[in-house]
There are 2 protein chains.
Amino acid sequence: MPATPSATADPHRPDAKPRRRVGRPASAVLDQEGITAAALRLVRKSGYDGFTMAALARTLNVAPSALYNHVSSKRDVLVLVQDHLTSFVDVSAFETQPWDQAVRDWAWSYRDVFARHTPLIPVIAVLPVADAPKTLAMYEAVSAGFRRAGFPQERIIPAIVALESFIFGSAYDVTAPADIFDSGSLGAATPNFSAAVASLGDQGYTNQADVAFSLGLEALVAGFGALRS
Amino acid sequence: MPATPSATADPHRPDAKPRRRVGRPASAVLDQEGITAAALRLVRKSGYDGFTMAALARTLNVAPSALYNHVSSKRDVLVLVQDHLTSFVDVSAFETQPWDQAVRDWAWSYRDVFARHTPLIPVIAVLPVADAPKTLAMYEAVSAGFRRAGFPQERIIPAIVALESFIFGSAYDVTAPADIFDSGSLGAATPNFSAAVASLGDQGYTNQADVAFSLGLEALVAGFGALRS
DNA sequence: CCACTAAATGAATGCCATTCATTTGTGACG
DNA sequence: CGTCACAAATGAATGGCATTCATTTAGTGG
């Protein structure tokens, strides 16, 4: 039975000094699961700017170099976090709902999860699925839903990829500042754009991001729905 | 007449030593335009990994600290590069083609430009338009095209945002490795996904990215086209 | 003519990911 | 039961990075 990684960390006292003597400890302090959990906790608390290998090591009460016995790089840790987060994406609707509603539920859930983790998007987008088992499981659930809905085999992956691209791009929108469309002093030179922006009213940008996401998602669902046989 | 930034750099000889004496030079060596051009050249040659303030300074034959008289951070340089690149996006079809074809031409052009510059996407996606005049000009041209095509004012921005989200996400796909969907040893556990992947044949991934982009784009064009009055 | 400011240098600063030598414990093999 | 390979920790480098600051020099406005 491997030691639970929290066994040596005491969250009550902020002593935090790595008071462990040199050499292999009696029972292992670290493992990938513990590193992943600590990384996610750290990101939630300090954001991706505050997420450094040194800070991660500190929360685990360990020297930074110890991490490299379990992961080979910081990117490796991000991959672990990414895959873990993917398990929070809700694919259950593919079992319980008609195809179009299942896609909606999945897409919103997927966007919401990664809107809080946009620095992972460049990592996910080019990550081989073999390196991320939980992500692969999500694809399997979605693919199965598409097949049951009558999609021709060779359209399933392109449709999922297109949806995913839209989802990733939309995740960034959620985090954009509210005044992103204020043209400032240049507004006079862009009458059409400015008028279009003015017609939006002054809902928060998150809401605006939701409007755009909904609009695009409905178009994709409608367009792809027509492919079913 | 300000000095052209290439005047002091000799691309024939790789001497490269910043042999300039301390103190303000007779005529300014740097300006934002020159920095932007050099940054783009550097990125094309060395990629975003090789793009450091020190390397940029070296190509300009200048000490790194000199850059900070003209930009306030590395991010600032990236914003300059981003805005410059946006002027390469082709919006001319909005003047010459019917709306649907104009959107296609613009979207493909936009994707192709930023597929080679994906590290800029996190910057663009949350950048206020007021900080990027050429980007603003692109939005104006696109907005005008949508208005002329009969879009209701308040749908124009959401539609453009949705298209842009799809475009940014799709730009990442272009750069993904060819074997991104190989499930390796886990393939047995994901029959639906594996079958869908197998049905794709073995075209390169760039082509696969094009298939997905085309599929999604057509769905969005069709869906948004229905909004016109 | 003089003060101010702009634009360069070069020397720090502090942070970061990563590597390496070293120490110590564990488990497998003979 | 001993020893030997390996696993897992420490702590001290290493080299690179963006950025800052004091300093120097040169134009510019009053």
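Convention: sequence-line order gives letters A, B, ...; per-chain numbering from 1.
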Taking atom [atom2] of [N] as reference, at what distance in whole Å does atom [atom1] of [X] sit?
| X | N | atom1 | atom2 | value |
| --- | --- | --- | --- | --- |
| B:R21 | D:dT24 | CZ | P | 13 Å |
| B:H70 | C:dA8 | NE2 | C1' | 8 Å |
| A:Y68 | D:dT10 | OH | C1' | 15 Å |
| B:L67 | D:dT20 | CG | C1' | 14 Å |
| B:L30 | C:dA6 | CG | P | 15 Å |
| A:L56 | D:dA9 | CG | C1' | 15 Å |
| A:R58 | C:dC16 | CZ | C1' | 12 Å |
| A:N61 | D:dG11 | CG | P | 11 Å |

Notebook entry, point to check: Any donor and acceptor pair, going by atom type alone, linking the side chain of B:E140 with main-chain N or O of A:N192 inside 3.5 Å?
Noted result: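 Yes: the side chain of B:E140 pairs with the backbone of A:N192.
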
Check: Is a side-chain N or O of B:S183 found less than 3.5 angstrom from the main chain of B:L186, in a donor-acceptor match?
Finding: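 Not confirmed, B:S183 side chain does not pair with B:L186 backbone.
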
Next item on the list: Would you indicate which nucleotide in D:dA8, D:dC17, C:dA17 comes nearest to any side-chain atom of A:P25?
Entry: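 My answer, after comparing the listed nucleotides, is D:dA8.
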
Note to self: Among C:dA17, D:dT19, C:dA7, which nucleotide has an atom closest to any side-chain atom of B:R24?
What the structure shows: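 So the nucleotide nearest the side chain must be C:dA7.
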
Check: Are there more than 12 heavy atoms of other residues, nucleotides or ligands under 6.0 Å from atom NZ of B:K134?
Finding: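 Yes, the 6.0 Å shell around NZ holds more than 12 heavy atoms from other groups.
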
Margin query: Quick check: on DNA chain D, is the nucleotide nearest A:A66 upstream (toward 5') of the one nearest B:A54, or the reverse? Name the residue that is more 5'.
Written below: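 So the residue in question is A:A66.
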
Item checked: DNA chain D: 5'-proximal contact among B:D49 and A:P64 (nearest heavy atom) ->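 Per heavy-atom nearest nucleotide, the more 5' residue is A:P64.
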
Note to self: Can you say whether a donor on the side chain of B:N69 sits under 3.5 Å from an acceptor on the base of C:dA6, or the other way round?
What the structure shows: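 Per atom types, no contact qualifies.
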
Check: Which is true for B:S65 with a 4.0 Å heavy-atom rule: it touches a base, it touches only sugar-phosphate, or it touches nothing?
Finding: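 Base contact.
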
Item checked: Phosphate OP1/OP2 of D:dT10: any A:R20 side-chain N/O under 4.0 Å ->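 Indeed, a polar side-chain atom of A:R20 lies that close.
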
Next item on the list: Go through A:F193 and B:Y139 one step at a time and tell me if the ring pair (Phe, Tyr, Trp, His ring centres under 6.0 Å) criterion holds.
Entry: CA-CA 6 Å; A:F193 177 71; B:Y139 287 139; 5.5 Å; yes

Checklist line | Output field: ring centroids A:Y110/A:F168 closer than 6.0 Å | finding: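 Yes.
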
